[in-house]
Amino acid sequence: MVLSAKDKIVSLSELAALITDGSSLALGGSFLHRGPFALVRELIRQGRRGLELIKQSPGYDIDLLCRAGALRRTRAGIVAMEGNFGLARWYRQAVESGQIELEEHACATITAGLRAAAFGIPFQPCGGLQGSALPALNGWKSCEDPYGSRRDVWLIPPIAPDFAIIHANAVSRSGDARVLGTAHWDRIMTRAAKKVLVVAEELLPDESFRERPELTLVPHFMVEAVAVVPRGAWPGSCWPHYEIDYPAVEAYVAETDSDLSGHLAAAPEARVSANA
Amino acid sequence: MVLSAKDKIVSLSELAALITDGSSLALGGSFLHRGPFALVRELIRQGRRGLELIKQSPGYDIDLLCRAGALRRTRAGIVAMEGNFGLARWYRQAVESGQIELEEHACATITAGLRAAAFGIPFQPCGGLQGSALPALNGWKSCEDPYGSRRDVWLIPPIAPDFAIIHANAVSRSGDARVLGTAHWDRIMTRAAKKVLVVAEELLPDESFRERPELTLVPHFMVEAVAVVPRGAWPGSCWPHYEIDYPAVEAYVAETDSDLSGHLAAAPEARVSANA
Amino acid sequence: MPEERWSGFSYIVTNLARFIRPNEVTFSGVNSNLPMMACLLAKDAYDFYFTYINVAGGVDPHPTKVPISSSDPMLAAGTQSIFSNEDFYDLCTRGGMDLCFLGAAQIDGEGQTNVSVIGDWHAPKVRLPGGGGGAVMLPTARRSCTWRTEHSPRVLVEQLDFVTASGGMHGLVTPIAVFVKRDGRLVLQSWHPEKTLDEVIARTGFPIDGKGATPTPPPTAREQAALAALDLAGAFEEAAHVTLD
Amino acid sequence: MPEERWSGFSYIVTNLARFIRPNEVTFSGVNSNLPMMACLLAKDAYDFYFTYINVAGGVDPHPTKVPISSSDPMLAAGTQSIFSNEDFYDLCTRGGMDLCFLGAAQIDGEGQTNVSVIGDWHAPKVRLPGGGGGAVMLPTARRSCTWRTEHSPRVLVEQLDFVTASGGMHGLVTPIAVFVKRDGRLVLQSWHPEKTLDEVIARTGFPIDGKGATPTPPPTAREQAALAALDLAGAFEEAAHVTLD
């Protein structure tokens with residue numbers, strides 16, 4: 001008579017609807033790899049505004065949000081399209097024009113801030129940063145080692161995103177999220193955020209998770225809701241399911257105006273719902 | 001013409017010989033579960049002295065080292081035989097008589113100290129501890145949040161063991177260590193220690209690791225040397241290979257003098273080498 | 001176990017289980033057979049879902065038998081994820097742990113605990129297991145509960161020999177009484193119906209008055225059946241050595 | 001590629017590879033195609049083992065093709081472990097990273113880097129990718145090396161527009177020169193044999209004197225063969241747009 005955890009599967013549009021204007025979002029993956037891009041596109045379709053993006057290495061996601069005018073602020077480590085596509089043009093323009101506010105981090109200081117939130121502590125010391133102008137830029141405090149090592153260390157304040165949103169390889173009905181290959185920064189993001197949303201390549205039966213529970217990056221009880229969106233990381237990669245769709249990224253980059261309708265309509269989740 | 005990482009497989013006695021008198025050892029596992037117990041017994045056979053044991057939840061291992069007079073000091077969170085066997089008698093006697101020095105921790109403060117070492121920072125803030133007498137006992141420093149939250153937090157100094165020694169389910173020739181089920185504290189121990197030694201239940205071909213690299217807890221380049229010792233976690237469990245050998249633990253606990261020869265001779269690794 | 005009567009063992013396990021609430025994240029750790037059984041009992045006996053995580057890395061496990069060690073890997077059998085030690089501690093310190101079962105040797109009237117030492121720390125009469133989870137989890141979990149198999153002034157004390165963990169227990173169960181925290185103090189909620197209020201007060205080392213307390217409601221049929229199923233051979237009850245005196 | 005002659009592309013990749021030492025832990029990150037190729041080249045061309053870890057989680061991977069993106073999961077193909085981002089950063093900050101390849105937009109004579117901005121940070125002429133790995137890895141890795149596909153006073157500068165990362169590069173490779181750190185300054189180690197020392201000095205924005213520098217030894221047959229095998233179709237060389245001018 002043991003009751004199961006509840007079913008958390010919703011549609012992509014229902015998942016996006018959980019996110020309100022002005023929310024701060026930690027997005028999983030890195031550059032063009034295993035990002036929750038279908039969800040980002042759906043937020044744009046729904047006209048979300050005033051978002052903050054938190055990510056060590058955003059690229060396509062932040063560029064898209066800037067191009068759509070959906071972003072107000074970002075805390076980011078390194079921003080680029082990568083894979084020979086260079087800088088993220090719409091992001092660059094948004095920062096240079098003052099359209100969005102940038103809090104520039106090193107990747108590891110984003111992680112430190114997420115760790116402070118994940119560990120429930122008021123700050124996280126971060127190694128390195130000696131001589132960098134970033135701490136002063138951000139008003140970070142340093143501290144002398146009270147144990148006498150004479151090593152000063154920078155203290156990074158907590159970063160607790162409203163949502164962490166990751167693209168997983170597979171989920172269970174109750175929300176267990178399996179990730180294959182590198183987890184990028186997804187682990188610490190899901191521990192630091194107030195709520196976790198998952199987009200997944202596929203739904204697998206509970207038995208599959210019971211056979212290899214070690215592959216579950218996020219246990220179901222930490223997950224708010226899940227949408228199953230095959231090819232949801234398009235035009236990026238989701239190993240081992242698919243690689244980067246280079247022609248699609250080239251087409252995205254080649255477009256010079258802010259109208260995203262063609263790109264959004266070309267996305268796998270749009271074509272599926274058009275067919276449905 | 002790509003050269004492989006070197007073969008790190010040695011015998012159990014060679015592995016133990018890498019550890020010199022007076023070393024500090026972080027031992028993997030928890031209580032009677034997946035501890036590197038064959039290695040602990042081998043250290044006793046080799047007459048090692050003056051060791052320090054660092055572990056959140058030692059039990060059989062610390063009791064054995066106390067009984068053999070091999071221990072000088074411990075940093076520990078909770079010490080017990082567990083599984084209905086109650087307190088660890090020889091450990092208790094060693095502390096009460098002043099034979100060993102105890103630095104009493106909460107499990108999470110051991111982890112925090114290991115994190116400080118693993119992260120390369122001079123201290124790690126640790127949540128909780130409010131009202132506990134442990135911080136004062138250990139001379140830990142607290143710090144007010146420089147970001148104005150008015151939350152004080154305790155700062156734990158680094159714990160960098162000379163060696164982390166874990167019992168893995170499987171290894172590759174070059175030292176990749178796979179762990180199934182909970183990793184207990186093995187992950188952070190292997191990141192904090194100056195050197196990592198692995199005892200493993202079995203040797204598996206590289207192909208097996210290439211199929212599921214996500215199951216590798218410690219990559220080969222972090223590992224100094226490996227001994228393959230089937231049933232090496234005896235009399236404890238090594239899931240899914242075997243459970244606790246309760247009669248053996250009962251026999252160990254029932255012995256009232258410090259002579260360990262019978263117990264050491266009954267261990268699987270001793271019976272194998274006697275047959276060899 | 002005669003119907004609708006408590007043994008000391010069933011009293012502790014069942015009343016610990018009654019602290020578990022729907023949809024909460026509930027944790028049992030090492031050296032904690034009775035809370036482990038309470039969590040398994042609650043899964044079977046109550047009509048609500050809760051998340052049961054444990055020190056073996058299990059999340060809502062499906063053990064095929066009840067292990068003797070409460071940190072046994074059997075408690076991760078059938079789990080769909082492995083939630084390792086660092087993970088559940090971090091969950092607790094960041095405020096995501098709803099209910100934590102934490103052991104104690106001595107408990108005072110504020111619900112502080114000593115698991116370190118009997119006597120002076122530096123000249124111990126009895127060296128106890130030590131710090132463990134409490135010092136960090138007791139102040140950071142939303143609620144914590146503890147249990148003792150002995151109800152006497154030497155375990156429920158006015159003054160701890162050492163304050164290992166502070167922050168205050170939400171609940172305490174002994175073989176003869178259930179306490180809850182009210183206004184920062186442990187107060188008697190109910191007592192074993194075969195005992196008297198006076199006896200409970202007399203055997204409690206910290207001051208209580210028993211106002212508002214009632215005899216503990218008897219085990220329900222489902223609680224009894226669930227516990228019987230967990231301890232078919234009675235081995236756990238025997239090993240726990242719980243007496244009412 | 002004519003035998004024993006350098007192209008700008010082969011010059012950068014090969015001379016980056018020459019910084020790799022036996023048994024060391026060497027890392028390549030995002031936005032780092034040339035170091036990625038240098039690591040793969042070194043694995044093939046040199047008679048020693050080193051550990052190659054990368055931002056895709058790979059440890060001594062066996063990619064079945066060279067990916068366009070230097071963070072592509074292909075760089076974890078055939079790996080025997082996944083060493084995720086938190087893990088390799090921690091390795092670096094605790095002193096376990098021997099050689100780190102780190103990108104830069106501007107480099108000064110002390111080997112500090114700017115990857116943040118051209119112009120004033122608060123009123124940028126060009127917003128660059130930003131902080132990335134450098135600010136934490138450059139001061140904590142045992143050695144770091146960087147590269148630029150352009151050798152000019154606007155990238156090798158006297159004064160950075162913004163100091164993103166300090167701590168000092170051990171090595172720098174451009175299409176026409178190799179620099180190493182000596183006494184806290186980047187000094188010229190060797191230059192492209194088809195260029196002159198004077199040209200290199202003139203095109204370097206920070207002061208160098210070229211004392212002790214020599215023309216760069218030509219690529220060995222094995223270096224050439226290894227690079228050719230990595231870039232069979234020449235697509236990487238073409239995409240890199242490296243010129244000597």
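FYI, side chains are in, hydrogens and waters are out, and symmetry mates aren't considered; it's all heavy atoms of this structure. Lettering follows sequence order; numbering is per chain, from 1.
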Chain A contacts, top residue of [options] (heavy-atom pairs, under 4.5 Å):
{"options": "D:S71, D:A239, D:G58", "result": "D:S71"}
{"options": "D:A165, D:S70, D:P73, D:G57", "result": "D:P73"}
{"options": "D:T140, D:N114, D:T93, D:N31", "result": "D:N31"}
{"options": "D:S166, D:G131, D:P129, D:G130", "result": "D:P129"}

Below 4.5 Å from any heavy atom of chain A, which atoms of D:V117 appear? Answer side chain, backbone, both or neither.
neither

Looking at side-chain heavy atoms only, is the closest gap between [X] and [Y] below 4.5 Å?
{"X": "D:P124", "Y": "A:R92", "value": "no"}
{"X": "A:E104", "Y": "D:S116", "value": "yes"}
{"X": "D:F162", "Y": "A:L134", "value": "yes"}
{"X": "A:H184", "Y": "D:S84", "value": "no"}
{"X": "D:D72", "Y": "A:W239", "value": "no"}
{"X": "A:S132", "Y": "D:V163", "value": "no"}
{"X": "A:L102", "Y": "D:R127", "value": "yes"}
{"X": "D:I68", "Y": "A:Y246", "value": "yes"}

So which heavy atom on [X] is nearest to which on [Y], and how close?
{"X": "A:L129", "Y": "D:P139", "answer": "N-CG, 3.9 Å"}
{"X": "A:T182", "Y": "D:I82", "answer": "CA-CG2, 3.5 Å"}
{"X": "A:A106", "Y": "D:V136", "answer": "CB-CG2, 4.3 Å"}

Atom group of [X] that falls short of 4.5 Å from chain D, counting heavy atoms:
{"X": "A:I244", "value": "side chain"}
{"X": "A:L87", "value": "side chain"}
{"X": "A:S57", "value": "neither"}
{"X": "A:E243", "value": "side chain"}

Atom [atom1] of residue position [X] - does it have more than 12 heavy atoms of other residues, nucleotides or ligands inside 6.0 Å?
{"X": "A:E250", "atom1": "CD", "result": "yes"}
{"X": "A:Q99", "atom1": "CD", "result": "yes"}
{"X": "A:E202", "atom1": "CD", "result": "yes"}

Quick one: do A:L137 and D:W121 satisfy side chain to side chain contact (heavy atoms under 4.5 Å, CB included)? Show the steps, please.
CA-CA 9 Å; A:L137 185 73; D:W121 195 95; 3.4 Å; yes

Regarding A:R115 and D:E86, does a basic nitrogen lie under 4.0 Å from an acidic carboxylate oxygen?
yes

Contact leader toward chain D among A:V79, A:T109, A:V95, where contacts are heavy-atom pairs under 4.5 Å:
A:V79

Among A:R34, A:Q130, A:Q56, A:M81, the residue with the most heavy-atom pairs under 4.5 Å to chain D is A:Q130

Can A:H33 and D:S69 be counted as having a side-chain donor-acceptor contact under 3.5 angstrom?
yes

One should read off an interatomic distance between D:F236 CZ and A:N84 CG, to the nearest 0.5 angstrom, of 7.5 Å

